[in-house]
Amino acid sequence: MNDSITSPDKTAPEPAAPRYNFRAAEPRWQQAWNDRACFSVPDVPPDGAPKYYVLEMFPYPSGKIHMGHVRNYTLGDVVARYKRARGHLVMHPMGWDAFGLPAENAARERGTHPAKWTYANIANMRDELKRMGLSLEWSREFATCDPEYYGQQQKLLLDFWKAGLVERRESWVNWDPVDNTVLANEQVIDGRGWRSGAQVEKKKLAQWVLAITKYAPDLLEALGGLDRWPERVKLMQSNWIGRSEGARVRFALAKPVDGTAEVEVFTTRPDTLFGMSFLAVAAEHPLAAAAAARDAKAAEFVAECRSMGTSEAVIEQAEKKGFDTGFRVKHPFTGAEYPVWIANFVLMEYGTGAIFGCPAHDQRDLDFARKYGLSVTPVVLPKGADAATFAVADEAFTDDGTAFNSGFLDGLDVAAAKRGAIDALEKQGAGTGVVNWRLRDWGVSRQRYWGCPIPFIHCDDCGVQPVPDAELPVRLPEDVDFSKPGNPLDHHPTWKHVACPNCGKPARRETDTCDTFVDSSWYFARFCSPRADVPVTKAAVDAWLPVDQYIGGIEHAILHLLYSRFFSRAMKATGHLTVEEPFAGLFTQGMVQHESYKGADGRWLYPEEVDFSVTAEGLRSATLKGGNEPVTIGRVEAMSKSKRNTVDPGAIIAKYGADTARWFILSDNPPDRDMEWTESGVAGAYRFTQRVFRIVDEMRAELPSPELAATILSSPVAATDRATKELRRATHRAIKSVTEALETFAFNVAVARLYEFANAIEAARAPSGQFDAVALGGAKREALETLARLSAPMMPHLAEEAWSLLCPDHADLVALLPWPEADLALLVAESVTLAVQVLGKLRATIEVPVGASEESIFAAAEAEENVQRAVAGKPIRKRIHVPGRVVNLVV
RNA sequence: GCCCGCCUGGCGGAAUGGUAGACGCAGCGGACUUAAAAUCCGCAGUCCGCAAGGACAUGCCGGUUCGAGUCCGGCGGCGGGCACCA
């Protein structure tokens, strides 16, 4: 036993050896950081102070943190602590994405008010996060359900409204019949609600829309400047925005239908107009409705298209189906007539809801034409093909070639033919060249209680009126009834009844609340001045934004990140921000996975219900704890409650401590890949924390004081003693390599370098051969202090504990110390090991002094017995020497 | 279908075109212990060989190079994203 720090914990049996008592140490250092306000920064940093804003995606307060959070926040904390040590003023805040449906479900199921449920969850999760020892500035904390936050959000929405970025629009929406709410296109996955999993229906509703499409060109182009974003995220956003160049072409109907004289299509291939064989419209298109009104069979087909959900389309292998309406259109160039079909593969939401079919050069059109016996006329000739014989069989020709069978376009390549066709269309007023976008405007109306009220008032006389500034925030009523289905705000007896701010007559408050993605689209800006009575204070956001390093899951690659990028632009347009891009650097972490286990009857088992053993063949086997029921070890997959392959971070931290959990999660693999959580891996990490403590604790008695050590290391003896130089080289190599690894997010490599360093320190405890004990003592102090400081971003508590043992007279916290600097001069060794190759194959290694001449190196290499055997007396034609690396002899 | 990414021991992974497998996990042998745990020392890609040493090895086939896990071309497999997008 050493001292009070290592005294045994009464609640757990302690081994006899002195051990690091994390249960006592971790809260103590958390308190010390808090007392010294180590992680606080001003809203407006002093001039010239280098700022660094580290942000992890804030959590939804479900009640408990999970391993994904532990990984996310550990990664962010490593960056924050490292950047702080590098002299940056680091802002590292935390908050809560606190609106959303689960709170309402809890209210319905348990009768707990959403606010009460949410704030209780937040309190618990805050405690859990605090136990992780994260270097967060808790004074900036807020929840999006705080009226102080959503009230400012309402101000933003009103500013956006004045800027023409908020509209009320009657539109087809995705209706989730389980959640009883509208979903954005982005929130519909395979035709099902992203949260409820229910089959989504099409419904026409008046709803609030944010005009994200106004920024579509900019959101796309600016991706090019995001050089610290993962390429794949940029690609996903680019695909989502979906820019395509083409033409809108108007086809005159041979006979007007219900007073309509023409149909407009969008095409990216106006060069293939001469290869047209039909025109097709979506089932929701007015022409389809017109056909349905005339013909029961057409009506039947339209109904079939509507009912055909995505899942069925998948089952049917996306079979192309159509119905000939009997309507005819005239070709803008030739005047020839073509049939108008209703086709199940034409989407009303994309382009104009109508296409012209050119089967020879579009696979989907070709499949359709073959099925219904429509003509196939090739109009683009592949290079080297013969115009007289070229024909399209089962495969459409979609590459570049030369236009033929195309009148005035003949002889042009695809690009030139596109231009030629558009010119001709524009000249005769039959069409225009256009850019089309896949991105839709963002419908934000949700028919729910637990969200930010959209601050408008409906007056029968004055129309939609914004809520006056003085009346903000529009607070959610607290007395709400969840017993009825639908929106509780709409049912509330009094809440929605207000006077019109314009004429004073009775009017109705908007009862829709915001999509929760709105809340998370600007929280990063609010953190800069979280208590301000405006959405953001200009000086604070100008000083801190953009976020220098944002960290979160890849699952937000499109939705959240695109919405935030839009919000930055909208906030700039309304004078709130100066920056357009909110996140200068983005890192997307992988998931945390775990083995899954099944009992004999096929039920899923939690990891803690299972015992493991190793069979005679060396294979792992498992049985149910407290019995011998066999357990099947299943796949390693993402932790999920349904598979019960979860591990509770709270239990891990209680058992091993926060540093162990952090260390393991960082050590396992590169942070952008999925990692596997294993019990043996955690145990290994725990062993290392104990080992570091033991090394420090056992060696500290041999160490000179910090002042004496500095004197020793600058004295001549330190420069000559071999063991001293070796240890110092290991120390400074560790500084260099750990620093490089942290800079590149290679945290698993940083961990490996620290293991190597610890191994080197232990090897120096009992150096073989001659050594100068005094000089080595100085090097040992330097090494141990460096070990503490280099490991601090990953294991901050242990680092403080080690530091306090090494420097008991110094009040500094490691959290406040600068990062160690590597002395490159100390890295130079006296001799190097060179690989000796003959014809590129390794035959020997030789040890040569640094600075040895090439002649002596070649001589030493050729003298090696193995090398001589490989050369076998043949003349050496070429000698290659890569200094410090390799010698290669070519015979 | 299109677009990305990946493929290295039993496992996670490391490796500026220069000794492949660092470091860890799991494993094996030994020391300490009455015993266990903890800890410490050692072994460890595969095959041949007593050994010295050799052959084969980074999904497969080829190429560039004195030298390829790394660069180039082709093929295969796995994973992810998007998708009747006109």
Side-chain angles (χ1 to χ4, degrees), chain A residues 13 15-17 19 230-236 238-240 242 244 246-247 265-269 272 280 282 310 313-314 317-321 343-347 349-358 362-365 367-368 436-438 554 557-558 614 618-620 636 663-664 667-670 672-676 678-685 687-688 690-691 694 737 741 746 748-759 762 833-846 865-866 869-870 877-891:
Chain A
R19 283 189 142 201
E231 285 303 320
R232 59 180 180 147
V233 172
K234 289 192 273 187
L235 191 71
M236 282 160 73
S238 169
N239 287 341
W240 189 265
S244 55
V265 307
F266 172 73
T267 178
T268 55
R269 294 296 303 273
T272 63
T310 316
V314 171
Q317 290 289 321
E319 189 191 355
K320 284 154 198 56
K321 285 188 183 174
N344 64 348
F345 62 86
V346 180
L347 305 174
E349 305 86 51
Y350 187 78
T352 61
I355 63 160
F356 85 84
C358 175
D362 182 289
Q363 190 60 45
R364 200 188 32 205
D365 293 350
D367 294 345
F368 192 76
N436 194 59
W437 302 89
R438 183 182 176 278
I554 187 77
I558 297 172
V614 177
L619 300 170
R620 289 169 69 235
V636 173
W663 185 254
F664 172 57
S667 69
D668 189 60
N669 65 352
D672 55 338
R673 298 197 206 167
D674 292 347
M675 74 161 289
E676 186 191 356
T678 59
E679 188 69 14
S680 57
V682 193
R687 277 201 299 275
F688 185 68
Q690 293 294 340
R691 189 174 151 216
R694 203 168 46 241
S737 56
N748 58 321
V749 179
V751 165
R753 297 294 167 252
L754 285 169
Y755 270 109
E756 285 174 356
F757 185 33
N759 292 345
E762 284 205 296
T833 308
L834 291 183
V836 182
Q837 301 175 338
V838 178
L839 285 172
K841 283 193 183 243
L842 182 74
R843 293 302 169 185
T845 57
I846 53 171
E865 198 185 320
N866 252 353
R869 192 174 17 231
R877 293 194 290 123
K878 198 170 171 186
R879 293 174 173 85
I880 291 149
H881 171 225
V882 181
R885 294 284 186 180
V886 75
V887 168
N888 193 9
L889 304 175
V890 186
V891 296

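Chain identifiers are assigned alphabetically (A, B, ...) following the order of the sequence lines, protein sequences preceding nucleic acid strands; residue numbering begins at 1 within each chain. All values below come from the heavy atoms of this structure, side chains included, with hydrogens, waters and symmetry mates left out.
- For A:R269, the salt bridge (charged side-chain N to carboxylate O under 4.0 Å, His left out) partners are A:D271, not counting sequence neighbours.
- Side-chain nitrogen and oxygen atoms of A:Y755 include none within less than 4.0 Å of the OP1 or OP2 phosphate oxygen of B:rG24.
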Report, one pair per line, the protein and nucleotides 63-67 of chain B atoms (nitrogen or oxygen only) whose separation is under 3.5 Å.
from	atom 1	to	atom 2	distance (Å)
B:rC66	O2'	A:N888	ND2	3.3
B:rC66	O2	A:N888	ND2	2.5

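- The shortest distance between the side-chain N/O atoms of A:K841 and the OP1/OP2 oxygens of B:rC56 is below 4.0 Å.
- Comparing B:rG54 with B:rC61, their C1' atoms sit 26 Å apart, to the nearest whole Å.
- Look at CH2 on A:W437: it is 17 Å from C1' on B:rA86, rounded to the nearest Å.
- Atom name C1', nucleotides B:rA20 and B:rA68: the rounded distance is 11 Å, in whole Å.
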Got a list of protein N/O to nucleotides 43-54 of chain B N/O distances below 3.5 Å?
from	atom 1	to	atom 2	distance (Å)
B:rG54	OP1	A:R843	NH1	3.4

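- With sequence neighbours left out, A:T845 forms a side-chain hydrogen bond (donor to acceptor under 3.5 Å, both in side chains) with no residue at all.
- For A:D668, there are no salt bridge (charged side-chain N to carboxylate O under 4.0 Å, His left out) partners, not counting sequence neighbours.
- B:rA51 and B:rU34: their C1' atoms are spaced 41 Å apart (whole Å).
- Classification of B:rG9 as syn follows from a glycosidic angle within 90° of 0.
- Look at CZ on A:R691: it is 11 Å from C1' on B:rG24, rounded to the nearest Å.
- Base pairing in RNA chain B yields stems of at least 3 consecutive Watson-Crick or G-U pairs, both distances under 3.5 Å, namely B:1-7 with B:76-82, B:10-12 with B:23-25, B:27-31 with B:39-43, B:45-48 with B:53-56, B:59-63 with B:71-75.
- Summarising the geometry, the separation between CG on A:L834 and P on B:rG18 is reported as 14 Å, rounded to the nearest angstrom.
- For A:W240, taking side-chain heavy atoms from C-beta onward, the closest of the listed nucleotides B:rA83, B:rG24, B:rC85 is B:rA83.
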Original post:
Tell me, for nucleotides 7-17 of chain B in 5' to 3' order, what letter each nucleotide earns: B for a base near a protein heavy atom under 4.0 Å, S for only sugar-phosphate near one, - for neither?
Top reply: -----SSS-B-

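- A:R694 has no side-chain polar atom (N or O) that falls below the 4.0 Å cut-off from OP1 or OP2 of B:rA38.
- With sequence neighbours excluded, the residues forming a salt bridge (charged side-chain N to carboxylate O under 4.0 Å, His left out) with A:R879 are A:E862, listed by chain and number.
- With sequence neighbours left out, the salt bridge (charged side-chain N to carboxylate O under 4.0 Å, His left out) criterion links A:R687 to no other residue.
- For A:N866, the side-chain hydrogen bond (donor to acceptor under 3.5 Å, both in side chains) partners two or more places apart in sequence, or in a different chain, are A:R869.
- Residue A:R691 qualifies as enclosed at atom CZ: its count of foreign heavy atoms under 6.0 Å is above 12.
- Nucleotides B:rU58 and B:rU46 are separated by 15 Å at their P atoms, to the nearest Å.
- Counting non-hydrogen atoms under 4.0 angstrom, A:L347 reaches a base of the nucleic acid.
- Comparing A:M236 and A:V887 against RNA chain B, the residue whose closest nucleotide sits nearer the 5' end is A:V887.
- Side chains of A:F688 and A:S667 form no contact here, defined as non-hydrogen atoms less than 4.5 Å apart.
- Relative to the side chain of A:R687, the nucleotides B:rC85, B:rG24, B:rU39 differ in distance, and B:rU39 lies closest.
- Under the ring-ring contact (aromatic ring centres under 6.0 Å, His included) criterion, A:F368 pairs with A:F278, A:W341, A:F345, A:Y372, sequence neighbours left out.
- Contacts of A:R673 classified as side-chain hydrogen bond (donor to acceptor under 3.5 Å, both in side chains), with partners at least two apart in sequence or in another chain: none.
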